2 protein chains.
Amino acid sequence: MPFDDIAAALRRAGHRVTPQRLAIIRTVLASEEHLTPGALYEKVRRMDPEIGEVTVYRTLNILSELGLVCMVHTGENAHSFVSRPPEHHDHLICSGCGKVINFTGCNIDALEKRLVSETGFTIEEHRLDLFGRCHECAAVTARG
Amino acid sequence: MPFDDIAAALRRAGHRVTPQRLAIIRTVLASEEHLTPGALYEKVRRMDPEIGEVTVYRTLNILSELGLVCMVHTGENAHSFVSRPPEHHDHLICSGCGKVINFTGCNIDALEKRLVSETGFTIEEHRLDLFGRCHECAAVTARG
DNA sequence: AGATAAATGAAAACGTTTGTCAATTATTGG
DNA sequence: CCAATAATTGACAAACGTTTTCATTTATCT
């Protein structure tokens, strides 16, 4: 999502567009990786040394609630946030070397439809992580 | 997974089988819901008032690493743990109230096959979490 | 039963997240 | 452009969740 769209959406939702918030948005957009609030704080600080960590938390919560950034539950003790990618993707993760491959076309629509009718849930999103071994790591493990 | 199997697996992995650990396992097995370490601690305490919260954390980490219990990432600030059903299952999680529903039949074999041939990965397992709103929470949020 | 290494529990350290509140500031309307 | 006002900020501290430390206890092996 482009910078200007995010700022506009913020204003449209009745929030003020402050320099701090713009700096946070820029930093999220500029990073390819998922960042925890703490890590993001360290990065934003270089642009605006006066910013407070609390402001980062508050802004991320707002952006996340408005769907302007993506909150990731990594299983670590802290959430991470990323800019929302143009299209949905999932992850294929090598347990050996940690390499991560993004892929599209998870194709779970039929499953979602089934669960909606079975449970009454409204399904908004999902996270699908596949764990395994890449070609190189599988070769290494085959020996012992 | 039955109580005795868990105890046996613990011992087989080189861990000791202590009364505290048995109490924790019993409590996890006796509960249908996902429990955070803190909540579990409160429950175990009623069986063994002398137990320490730290022991609950340590035991859950061990059981989780050995695949004897299931760790759930609900999006809250704390993890939850559940007894692991005998067969593979995935999770449907309500972003509103945190309720978790287990379901089977994720049926992603075709996807796995595709990724194996495309990437050369050996896929061992996966985790599929669906996020949405249960019937009650969807009603509450109905606004725009 | 005795030796030994693992496990326990209490306290404290640590990191993440939220609350409080006076001071600041983006926005609105004149 | 300026003043009014309500949202936002930042420092501090509190509230959690989780891990570390360490002396003491204890399950396990012989």
Side-chain angles (χ1 to χ4, degrees), chain A residues 4 6-27 34-66 68-69 71-81, chain B residues 4 6-27 34-66 68-69 71-81 95 98:
Chain A
D4 290 335
I6 297 181
L10 249 192
R11 183 174 281 118
R12 201 177 325 116
H15 295 282
R16 293 187 177 171
V17 177
T18 67
Q20 292 91 337
R21 287 177 177 172
L22 292 178
I24 291 167
I25 293 170
R26 273 196 202 92
T27 306
H34 300 213
L35 295 172
T36 63
L40 205 54
Y41 169 57
E42 290 303 328
K43 284 202 164 198
V44 179
R45 232 175 162 181
R46 294 179 210 143
M47 296 173 62
D48 178 358
E50 298 301 318
I51 202 169
E53 190 170 13
V54 191
T55 299
V56 176
Y57 274 94
R58 283 189 286 226
T59 300
L60 287 175
N61 284 339
I62 292 172
L63 294 175
S64 175
E65 272 170 26
L66 294 179
L68 304 174
V69 302
M71 192 198 222
V72 180
H73 318 303
T74 59
E76 302 301 308
N77 291 336
H79 302 141
S80 294
F81 296 82
Chain B
D4 290 335
I6 296 181
L10 249 192
R11 183 174 280 119
R12 203 177 323 117
H15 296 282
R16 293 185 179 172
V17 177
T18 66
Q20 292 91 338
R21 287 176 177 172
L22 293 178
I24 291 167
I25 293 169
R26 273 195 202 93
T27 307
H34 300 223
L35 296 172
T36 62
L40 205 55
Y41 170 57
E42 290 304 328
K43 286 204 162 195
V44 178
R45 232 175 163 180
R46 295 179 208 142
M47 297 173 61
D48 178 358
E50 298 301 319
I51 202 169
E53 190 169 14
V54 193
T55 300
V56 175
Y57 275 94
R58 282 188 288 226
T59 301
L60 286 175
N61 283 339
I62 292 172
L63 294 175
S64 176
E65 272 171 25
L66 295 178
L68 303 174
V69 301
M71 190 200 226
V72 181
H73 316 302
T74 58
E76 302 301 305
N77 292 338
H79 302 142
S80 295
F81 296 82
S95 314

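The chains referred to below are lettered A, B, ... by the order of the sequence lines, with proteins before strands, and numbering in each begins at 1. The shown structure was predicted, so the numbers you read here are calculated from the model rather than taken from an experiment. Below, each value reflects all heavy atoms present in this structure, side chains not excepted, and no hydrogens, waters or symmetry copies.
Within residues 54-65 of chain A, the residues having any heavy atom under 4.0 Å from DNA chain D are, by residue number, Val54(A), Thr55(A), Arg58(A). Against DNA chain D, the stretch residues 44-52 of chain A makes heavy-atom approaches under 4.0 Å through Glu50(A), Ile51(A), Gly52(A). Within residues 13-20 of chain A, the residues approached by DNA chain D to less than 4.0 Å at the level of any non-hydrogen atom are His15(A), Arg16(A), Thr18(A), Gln20(A), in residue-number order.
Once rounded to the nearest 0.5 Å, the distance linking CD of Glu50(A) with CZ of Arg45(A) reads 10.0 Å. Note that the NZ atom of Lys43(B) and the CG atom of Leu35(B) stand 5.5 Å from one another [nearest 0.5 Å]. Atom CD1 in Ile51(B) sits 8.0 Å away from atom OG1 in Thr27(B) (nearest 0.5 Å).
In this structure, Arg12(B) atom CZ and dT28(D) atom P are separated by 14 Å, rounded to whole Å. Atom CZ of Arg11(A) is separated from atom P of dA7(D) by 16 Å (rounded to the nearest Å). Distance CG (Leu10(A)) to P (dA26(C)): 14 Å, rounded to an integer number of Å. A straight line from CD of Glu42(B) to C1' of dG17(D) spans 14 Å, rounded to a whole angstrom. To the nearest angstrom, C1' of dT8(D) lies 11 Å from CD1 of Ile24(A). Rounded to whole Å, atom C1' of dA10(C) lies 10 Å from atom OH of Tyr41(B). The distance between atom NE2 of His79(B) and atom P of dT17(C), rounded to the nearest whole Å, is 11 Å.
Distances shown here put a side-chain N or O of Arg21(B) below 4.0 Å from the OP1 or OP2 atom of dT8(C).
Side chains of Ile62(B) and Leu68(B) form no contact here, defined as non-hydrogen atoms less than 4.5 Å apart. In this structure, the side chains of Arg21(A) and Thr55(A) stay at 4.5 Å or more apart for every pair of heavy atoms.
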Residues Leu63(A), Leu10(A); criterion side chain to side chain contact (heavy atoms under 4.5 Å, CB included); working and verdict: CA-CA 8 Å; Leu63(A) 294 175; Leu10(A) 249 192; 4.2 Å; yes

Could you walk me through whether His15(B) and Leu66(B) pass side chain to side chain contact (heavy atoms under 4.5 Å, CB included), step by step? CA-CA 11 Å; His15(B) 296 282; Leu66(B) 295 178; 4.0 Å; yes

Pair Gln20(B), Val56(B) - check side chain to side chain contact (heavy atoms under 4.5 Å, CB included), show working. CA-CA 8 Å; Gln20(B) 292 91 338; Val56(B) 175; over 6 Å; no

Determine whether Thr36(B) and Ser80(B) satisfy the following criterion, side chain to side chain contact (heavy atoms under 4.5 Å, CB included), listing intermediate values before the conclusion. CA-CA 4 Å; Thr36(B) 62; Ser80(B) 295; 3.7 Å; yes

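Checking side-chain atoms of His73(B) against main-chain N and O of Ala78(B) turns up no donor-acceptor pair under 3.5 Å.
Here the closest non-hydrogen pair linking Tyr41(A) and Glu53(A) is CE1-N, 3.4 Å.
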